[in-house]
2 protein chains.
Amino acid sequence: MARAQAREQARYEHTCMIRGDGGRTVRAVLDRICDKWTMLIVATLDQGRMRFTELQRHIPGISQRMLTLTLRNLERDGLVSRTAYAEVPPRVEYELSPLGKSLIPPALALAGWAIEHNAEILASRAAYGAKESPDKEQSDKERPAVEQPAEESAQQP
Amino acid sequence: MARAQAREQARYEHTCMIRGDGGRTVRAVLDRICDKWTMLIVATLDQGRMRFTELQRHIPGISQRMLTLTLRNLERDGLVSRTAYAEVPPRVEYELSPLGKSLIPPALALAGWAIEHNAEILASRAAYGAKESPDKEQSDKERPAVEQPAEESAQQP
DNA sequence: CAGGATCCCTTAGGATACTG
DNA sequence: CAGTATCCTAAGGGATCCTG
């Protein structure tokens with residue numbers, strides 16, 4: 001399995017990323033930022049410091065395992081700071097560090113792009129699905145993608 | 001396994017992303033953009049139209065399977081356009097669509113952030129590793145992360 | 001409450017071989 | 001050359017149970 005290692009190396013070594021630096025930096029950051037939850041947590045914490053359970057409630061789909069894990073990584077990278085109060089019912093609060101906050105603007109840039117071009121993407125996918133497989137119209141379930149779930153009623157059960 | 005579905009739904013439904021829209025759009029885009037190769041391909045194609053093999057050479061670690069797959073997704077989402085020439089040795093060229101190009105600036109924003117704050121992150125991780133587990137100093141291999149592989153000699157074999 | 005420890009399953013993605 | 005088809009592994013991540 002040294003092969004895999006080599007590949008990873010190559011990915012880092014090579015200079016084919018958003019030009020600006022070699023690209024490894026960017027690659028690394030993306031790897032870090034792009035797991036299922038990091039961005040969500042950062043975005044949520046951007047609304048203010050919060051404690052564990054609170055976070056969990058603000059981020060619907062997350063499991064406490066993943067919350068813990070991701071928070072740990074963020075803490076370790078210096079994006080969020082963790083403060084534990086030595087109280088009887090334990091209380092721990094998380095908060096975006098300045099570094100963490102600095103991630104928000106670029107993130108917003110991406111968000112902006114997403115919002116702005118969402119429709120085009122949807123259209124493109126529709127077109128693509130239509131022309132490529134007109135018969136096998138099970139083109140749904142292919143990928144949840146960007147389609148709004150038709151906000152039935154935003155009320156929770 | 002309807003549970004998993006429910007979770008996914010929740011993730012999309014909920015309004016806790018980079019505020020601006022509900023967040024589902026962003027969530028979706030991130031999901032789409034953040035796999036291992038999408039950004040790399042987009043960045044590479046930003047340097048000009050390219051054919052399959054060329055791309056493969058420009059993106060070291062990628063397998064042709066992943067190249068194909070990711071390209072297909074990008075094409076389908078309208079980020080890249082594919083042109084096949086009916087020639088004897090088949091030739092296919094890929095190129096960023098306007099939509100695809102529009103992704104570059106926000107991507108650069110993120111890249112900029114990465115480059116700018118790389119050092120801080122590294123420092124934080126070093127500090128974290130040092131204080132949390134001073135004995136088990138196998139803190140390497142934890143994550144390749146952002147550390148430059150000490151560009152031994154950028155010459156390929 | 002805030003998490004650590006386990007178990008387990010799904011999936012991204014690499015390796016390899018085959019075709020038009 | 002530009003893929004498609006298979007097979008298979010590592011790992012991301014969910015569910016659960018347990019504790020200070």
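Everything numeric here is computed off the predicted structure, so don't read it as measured data. Lettering of chains follows the sequences in order, A, B, ..., and the numbering in each one begins at 1.
- Atoms CG (B:Leu69) and P (C:dA15) sit 15 Å apart, rounded to a whole Å.
- Of the residues in residues 86-96 of chain A, those placing a heavy atom less than 4.0 Å from an atom of DNA chain C are A:Pro90, A:Val92, A:Tyr94, in numerical order.
- Closest to the B:Arg51 side chain, of the nucleotides C:dG14, D:dC1, C:dC1, is D:dC1.
- At D:dG3, one or more side-chain N or O atoms of B:Arg82 fall inside 4.0 Å of OP1 or OP2 (strictly under the cut-off).
- Residues satisfying the side-chain contact (heavy atoms from CB on, under 4.5 Å) test with A:Ala86, not counting sequence neighbours, are none.
- Between the C1' atom of C:dA15 and the CD atom of B:Gln56 lies a distance of 13 Å, rounded to the nearest Å.
- For the pair B:Arg72 CZ and D:dA5 C1', the computed distance is 13 Å after rounding to whole Å.
- Base engagement by B:Arg65 is indicated by at least one non-hydrogen atom pair under 4.0 Å involving a base atom.
- Without hydrogens or angle criteria, B:Thr70 side chain to B:Met66 main chain gives a donor-acceptor distance under 3.5 Å.
- When distances run from any side-chain atom of A:Gln64 to the nucleotides C:dT16, D:dC17, C:dG14, the shortest one goes to D:dC17.
- Distances from the side chain of B:Thr68 to the nucleotides D:dT4, D:dG13, D:dC1 place D:dT4 closest.
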Determine, step by step, whether A:Tyr128 and B:Arg72 satisfy the side chain to side chain contact (heavy atoms under 4.5 Å, CB included) criterion, reporting the C-alpha distance in whole Å, the side-chain angles of both residues, the deciding distance to 0.1 Å, and the verdict.
-> CA-CA 10 Å; A:Tyr128 189 91; B:Arg72 269 212 158 3; 4.1 Å; yes

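- Among B:Leu110, B:Leu103, B:Leu74, the one residue that satisfies the side-chain contact (heavy atoms from CB on, under 4.5 Å) test with B:Ile33 is B:Leu103.
- Between the side chains of B:Asp35 and B:Thr38, at least one donor-acceptor pair of N or O atoms lies under 3.5 Å.
- Residues satisfying the side-chain contact (heavy atoms from CB on, under 4.5 Å) criterion with B:Arg65, sequence neighbours excluded, are B:Ser63, B:Leu69.
- In this entry the distance linking CD1 of B:Ile62 with P of D:dA2 reads 14 Å, nearest Å.
- The existence of a salt bridge linking B:Arg49 and B:Glu93 is confirmed by a sub-4.0 Å separation between a basic side-chain nitrogen and an acidic carboxylate oxygen.
- Rounded to an integer number of Å, the gap from CG of A:Leu67 to P of D:dG13 is 13 Å.
- Atom NZ of B:Lys36 is separated from atom C1' of D:dT9 by 12 Å (rounded to the nearest Å).
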